[in-house]
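Heavy atoms only: backbone and side chains are in, while hydrogens, waters and symmetry mates are out. Just so you know, residue 1 is the first one in the sequence shown, and it goes up from there.
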Amino acid sequence: MARGPVEQAMEAAAHSYFERVTNGDVDGILELYADNAKLINPMTGEEGIQGKAALRPFYEKLTSSLVDYKAVATDIIIDGNKLVASLHLEGKTTDGKPIVMNNLNFWTFENGKFKILRIYMDTHPYRQALSQALSGSE
């Protein structure tokens, strides 16, 4: 089924978000958010981060902690004012360690802007690293 103009704009915003994250464009990322928007992910807890001023340091840290990386949506589902995008990110940390991450980004839109972004992360790599650390193996 073809998407209508509102859904097309939502999808374009999600793709733009991932491009701006890849390019380290913090100002561009923040343009996609409503002024009082909220970001919730496993690192922020349910309280999340609210407001563009609070989101800026989060994105500055995120984009400066990765090099040679690319974030792309592998699928997008839209229902009303909700959009879910599966993300695949590959790159390196600033110390050269490879990183591969998959997660779901779940947006609620309001007036064409991100009102809420809830990120659900793939915890397998973290559980695997924790298991190795607890067992004493590399």
Practice task
Flag the pair R56 / V26 as yes when at least one side-chain heavy-atom distance between them is below 4.5 Å, and no otherwise.
Solution key: yes

Handout entry: M101 with Y17, same ILVMFWY side-chain cluster at under 4.5 Å
Key = yes

Exercise for the section: Any pair with a residue in residues 41-53 that passes side chain to side chain donor-acceptor pair (under 3.5 Å), sequence neighbours left out, goes on the list, sorted by first then second residue, please. Expected result: E46-R118

Practice task
Check the angle between the aromatic planes of Y59 and Y33 and answer parallel, tilted or perpendicular using the 30° and 60° thresholds.
Solution key: tilted

Fill in the blank from the handout: Separation between CG (D27) and CG (L32), nearest 0.5 Å, reads 11.5 Å

Exercise for the section: Search all heavy atoms of A37 against all heavy atoms of F114 and return the closest pair with its distance. Expected result: CB-O, 3.2 Å

Handout entry: Interatomic distance, T93 atom OG1 to D68 atom CG [nearest 0.5 angstrom]
Key = 11.0 Å

Problem - Common cluster, I119/L55, ILVMFWY with side-chain heavy-atom separation under 4.5 Å - result: yes

Problem - Separation of E60 CD from L30 CG (nearest 0.5 Å) - result: 8.0 Å

Exercise for the section: Any chance you could measure D35, atom CG, to K115, atom NZ, to the nearest 0.5 Å? Expected result: 9.5 Å

Problem - E11 side-chain N/O to Q8 backbone N/O, donor-acceptor pair under 3.5 Å - result: no

Problem - Backbone N/O of H88 and side chain of T74: donor-acceptor pair under 3.5 Å - result: no

Practice task
May I ask you to test the E31-R20 pair for a side-chain heavy-atom distance under 4.5 Å?
Solution key: yes

Handout entry: Side-chain donor or acceptor of N81 paired with backbone N/O of F109 under 3.5 Å
Key = yes

Problem - Distance (rounded to the nearest 0.5 Å) between L39 CG and L117 CG - result: 5.0 Å

Completion exercise
On a heavy-atom basis, the closest approach of A71 and L89 is CB-CD1, 3.9 Å

Handout entry: Flag side-chain contact, heavy atom, 4.5 Å: H15 against I76
Key = yes

Practice task
Please indicate whether D95 has more than 12 foreign heavy atoms, meaning atoms of other residues, nucleotides or ligands, lying under 6.0 Å from its CG.
Solution key: yes

Practice task
Work out which heavy atom in W107 is nearest to a heavy atom in A14; give both atom names and the distance.
Solution key: CZ3-CB, 3.7 Å

Practice task
Using the side-chain contact (heavy atoms from CB on, under 4.5 Å) rule, pick out the option among V21, I99, V100 that qualifies with Y69.
Solution key: V21

Handout entry: Heavy-atom closest pair, residues Y120 and N103
Key = O-CB, 2.8 Å

Exercise for the section: Enter the distance from N23:CG to I29:CD1 here, rounded to the nearest 0.5 Å. Expected result: 9.0 Å

Handout entry: Joint hydrophobic cluster, L83 plus I77, side-chain heavy atoms closer than 4.5 Å
Key = no

Fill in the blank from the handout: side-chain contact (heavy atoms from CB on, under 4.5 Å) with L87: of N105, L104, V72, only one passes, and it is N105

